[in-house]
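Notes to accompany the following structure.
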Protein chains: 2
Amino acid sequence: MNSVVAINQRARSSEQKALRRHAVLETAEVYFKEVGYEAFSMAQLAKKSGVAKGTLYLYFNTREELFLTLYEQSLVRWSQIFIGSLSDTMTSKTYAQSLYKTTQADGVFLPLLIRLEHVIEHNVAIPRLIESKRVFINQVEAVAAGTSTALRLSTAQATEVVKTMGVLLIGATQTDQSPALDDEDLPADVQYLITSFSSEPLFIKNAARIIEGIRAEDMSGV
Amino acid sequence: MNSVVAINQRARSSEQKALRRHAVLETAEVYFKEVGYEAFSMAQLAKKSGVAKGTLYLYFNTREELFLTLYEQSLVRWSQIFIGSLSDTMTSKTYAQSLYKTTQADGVFLPLLIRLEHVIEHNVAIPRLIESKRVFINQVEAVAAGTSTALRLSTAQATEVVKTMGVLLIGATQTDQSPALDDEDLPADVQYLITSFSSEPLFIKNAARIIEGIRAEDMSGV
DNA sequence: ATGTTAAATGACCGATGGTCAACTATATAG
DNA sequence: CTATATAGTTGACCATCGGTCATTTAACAT
């Protein structure tokens with residue numbers, strides 16, 4: 001009788017099942033970091049997890065629900081780190097820099113975020129989707145609260161900042177082409193194009209513009 | 001001897017081949033509008049085009065190269081329409097509205113744009129990719145020229161506006177969840193979340209903020 | 001020991017993008 | 001007009017994918 005819940009060959013108690021589910025998710029996260037979204041196969045994950053493919057589907061209804069779960073975890077993880085990074089004497093720029101840096105630091109958050117709509121759209125049960133949206137709402141509220149303090153904005157303004165930062169981050173990340181083309185020798189004009197779409201300056205400059213825009217706006221007019 | 005190039009059972013001349021390629025692309029575009037990206041299958045396209053699947057691969061190396069070609073076409077088509085819609089007395093807001101409306105009007109441009117990096121990343125030959133980037137550069141320049149006149153900005157400023165609009169458009173489109181969830185009855189909180197991420201106001205408000213930010217910036221500092 | 005329950009399995013399914021030896025429509029040569 | 005050469009076209013075929021489900025069997029209760 002261990003007080004620690006051990007994982008038997010068969011997980012019977014809900015504790016053991018949660019443990020096994022968690023183990024699969026950990027394996028999946030490592031595997032995802034290795035190969036990315038497109039090359040991620042359920043058969044391979046099963047092999048790496050030491051279970052049969054069918055077993056994966058006892059714990060996740062579809063491949064997409066598994067990704068959605070990974071995304072949720074990374075969202076919560078990130079928002080805690082980001083909120084922790086905020087101080088009450090930040091400029092738009094330092095705020096944007098911290099936001100950018102913390103999202104980049106997580107190996108799965110951004111790749112899943114930019115694929116989120118495609119992932120969810122086609123293969124997640126509605127109740128699971130609703131649950132996920134609620135997690136999202138909570139995280140947005142938490143981040144908005146921190147933002148309100150850090151940037152000295154009203155709650156409504158801070159909420160708008162957070163949502164808009166999300167949109168901008170997705171756009172900037174999506175457009176950033178550097179990782180895909182790595183060390184290929186490209187002609188100078190194309191190389192310049194890619195550089196000019198580098199996500200870091202793109203995000204930070206425009207984040208600052210938007211935050212200043214929101215700050216300057218007369219709140220009575222919105 | 002027709003002066004018009006007819007399509008035989010076999011396309012021998014390069015003219016005939018171009019014609020057949022074009023016919024396949026037209027079919028593909030209609031088909032894409034019907035079923036979207038994920039459900040688009042090469043076997044179905046072959047059937048609808050009246051050729052064998054293998055024939056498709058004589059004209060396009062991969063599914064992704066076909067999509068890339070469709071994207072290029074839609075980009076050129078859109079930029080012409082958008083430039084035509086510009087006048088020399090526009091505000092940031094009317095500019096953003098026209099940009100939004102013209103991109104939405106095209107049935108394939110945005111869906112392909114937001115998937116572009118994923119599409120290109122994994123399955124397009126490098127030379128084809130370079131070619132595509134050059135088309136992109138040209139279109140950006142053309143739109144920037146029109147933007148410079150319409151918004152009375154320097155060329156550098158106009159170019160920055162255009163690139164940034166692209167990023168914002170991708171982010172806003174990606175985040176817009178209304179099409180996916182249609183008429184499902186969702187709880188009020190989730191429904192509100194989705195509404196608050198509606199791409200049209202999100203894009204237009206932030207586009208204006210960014211344009212005004214760029215306009216206000218001291219150009220010597222950049 | 002025995003019976004009961006349900007977790008785990010992996011052969012199997014339909015569908016996908018992509019390939020290629022075989023076929024044959026077409027242009028050219030004799 | 002026929003024979004030959006060329007090359008565009010074909011569809012059976014392949015590996016792999018996400019997902020299913022009848023069967024097996026580990027783990028518990030009695």
Side-chain angles (χ1 to χ4, degrees), chain A residues 1-2 5-24 27-28 31-32 35-69 115 118-125 128, chain B residues 1-2 5-24 28 31-32 35-68 115 118-125 128:
Chain A
M1 277 270 187
N2 278 330
V5 181
I7 346 137
N8 271 333
Q9 205 170 109
R10 306 258 171 126
R12 313 259 314 184
S13 71
S14 58
E15 273 173 320
Q16 283 177 321
K17 286 197 223 175
L19 221 62
R20 175 146 295 174
R21 195 181 138 101
H22 188 259
V24 169
T27 306
Y31 176 39
F32 180 83
V35 302
Y37 184 83
E38 280 75 15
F40 187 107
S41 105
M42 293 299 271
Q44 264 297 312
L45 175 61
K47 204 168 278 181
K48 284 174 184 275
S49 301
V51 298
K53 193 163 60 155
T55 307
L56 294 181
Y57 287 90
L58 296 176
Y59 291 92
F60 304 94
N61 289 322
T62 62
R63 181 177 184 258
E64 282 73 23
E65 286 202 16
L66 189 149
F67 281 130
L68 184 59
T69 307
R115 288 171 175 94
H118 304 157
V119 169
I120 291 182
E121 260 175 45
H122 294 285
N123 225 354
V124 173
R128 182 69 188 82
Chain B
M1 278 272 187
N2 278 331
V5 182
I7 343 136
N8 270 335
Q9 206 171 106
R10 305 261 170 121
R12 312 263 311 185
S13 71
S14 58
E15 272 174 320
Q16 284 177 320
K17 286 197 221 173
L19 222 63
R20 174 147 294 171
R21 196 181 137 101
H22 187 259
V24 169
Y31 175 39
F32 181 85
V35 302
Y37 184 82
E38 279 75 16
F40 186 108
S41 106
M42 294 298 270
Q44 262 298 309
L45 175 61
K47 204 168 278 181
K48 285 175 185 274
S49 301
V51 298
K53 194 165 58 157
T55 307
L56 293 182
Y57 287 90
L58 297 176
Y59 290 92
F60 305 95
N61 290 323
T62 61
R63 181 178 185 256
E64 283 73 24
E65 286 203 17
L66 189 149
F67 281 132
L68 183 59
R115 288 170 175 95
H118 305 156
V119 168
I120 291 182
E121 260 175 46
H122 293 287
N123 224 352
V124 172
R128 182 70 189 82

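- Of the residues near DNA chain C, A:A11 and A:G54, the one whose nearest nucleotide (by heavy atom distance) lies more toward the 5' end is A:A11.
- With A:E65 contributing its side chain and A:A125 its backbone, the two residues share a donor-acceptor pair below 3.5 Å.
- Regarding B:L66, its CG atom lies at a distance of 11 Å from the P atom of C:dG17, rounded to whole Å.
- The two residues A:V51 and A:L56 make their nearest non-hydrogen contact at CG2-CD2, 3.9 Å.
- Of the candidate nucleotides D:dT10, C:dA8, D:dA26, D:dA26 has the atom lying nearest to any side-chain atom of A:R12.
- Residue whose closest nucleotide on DNA chain D sits further toward the 5' end, between A:N61 and A:Q44: A:Q44.
- In this structure, the CZ atom of A:F67 is 13 Å from the C1' atom of D:dC17, given to the nearest Å.
- Comparing C:dA25, D:dG19, C:dA8 by their nearest atom to the side chain of A:T62 picks out D:dG19.
- Residue A:K53 is in base contact, counting any heavy-atom pair closer than 4.0 Å across all strands shown.
- Distance, A:K17 NZ to C:dA6 C1': 8 Å, rounded to whole Å.
- Side chain of B:N8, nearest nucleotide from C:dA27, D:dT9, D:dA27: C:dA27.
- Side-chain nitrogen and oxygen atoms of A:Y59 include at least one within less than 4.0 Å of the OP1 or OP2 phosphate oxygen of C:dA8.
- Between the CZ atom of B:F40 and the C1' atom of C:dG18 there is a distance of 15 Å, rounded to whole Å.
- Candidate nucleotides C:dG17, D:dG8, C:dG18 were compared by shortest atom distance to the side chain of B:R10, and D:dG8 ranks first.
- Side-chain atoms of A:R63 lie closest to D:dG19 of the nucleotides D:dA7, D:dG19, C:dT19.
- Side-chain atoms of A:Y31 come within 3.5 Å of backbone atoms of A:S41 as a donor-acceptor pair (strictly under, hydrogens ignored).
- At a threshold of 4.0 angstrom between heavy atoms, the contacts of A:F60 with the nucleic acid are absent.
- Whole-Å rounding puts the A:N123 CG to D:dG19 C1' distance at 9 Å.
- A straight line from NE2 of B:H122 to P of C:dT16 spans 21 Å, rounded to a whole angstrom.
- Rounded to whole angstrom, the span from the CD atom of A:E38 across to the C1' atom of D:dT16 amounts to 16 Å.
- When each of D:dG18, C:dA7, C:dT9 is scored by its nearest atom to the side-chain atoms of A:V51, the top-ranked nucleotide is C:dT9.
- Here the side chain of A:T55 is nearest to one of C:dG18, C:dA27, C:dT9, namely C:dT9.
- Taking the centre and axis of the six-membered ring of A:Y37, the NZ or CZ atom of A:R63 falls inside the cone set by 45° and 6.0 Å.
- A cation-pi arrangement, defined by a distance under 6.0 Å to the six-membered ring centre and an angle within 45 degrees of its axis, is absent between B:R128 and B:F67.
- A donor-acceptor pair under 3.5 Å links the side-chain atoms of B:R20 to the main chain of B:N8, judged by distance alone.
- When each of C:dA8, C:dG17, D:dG11 is scored by its nearest atom to the side-chain atoms of B:M42, the top-ranked nucleotide is C:dG17.
- The CD atom of B:Q9 sits 10 Å away from the C1' atom of C:dT26 (whole-angstrom rounding).
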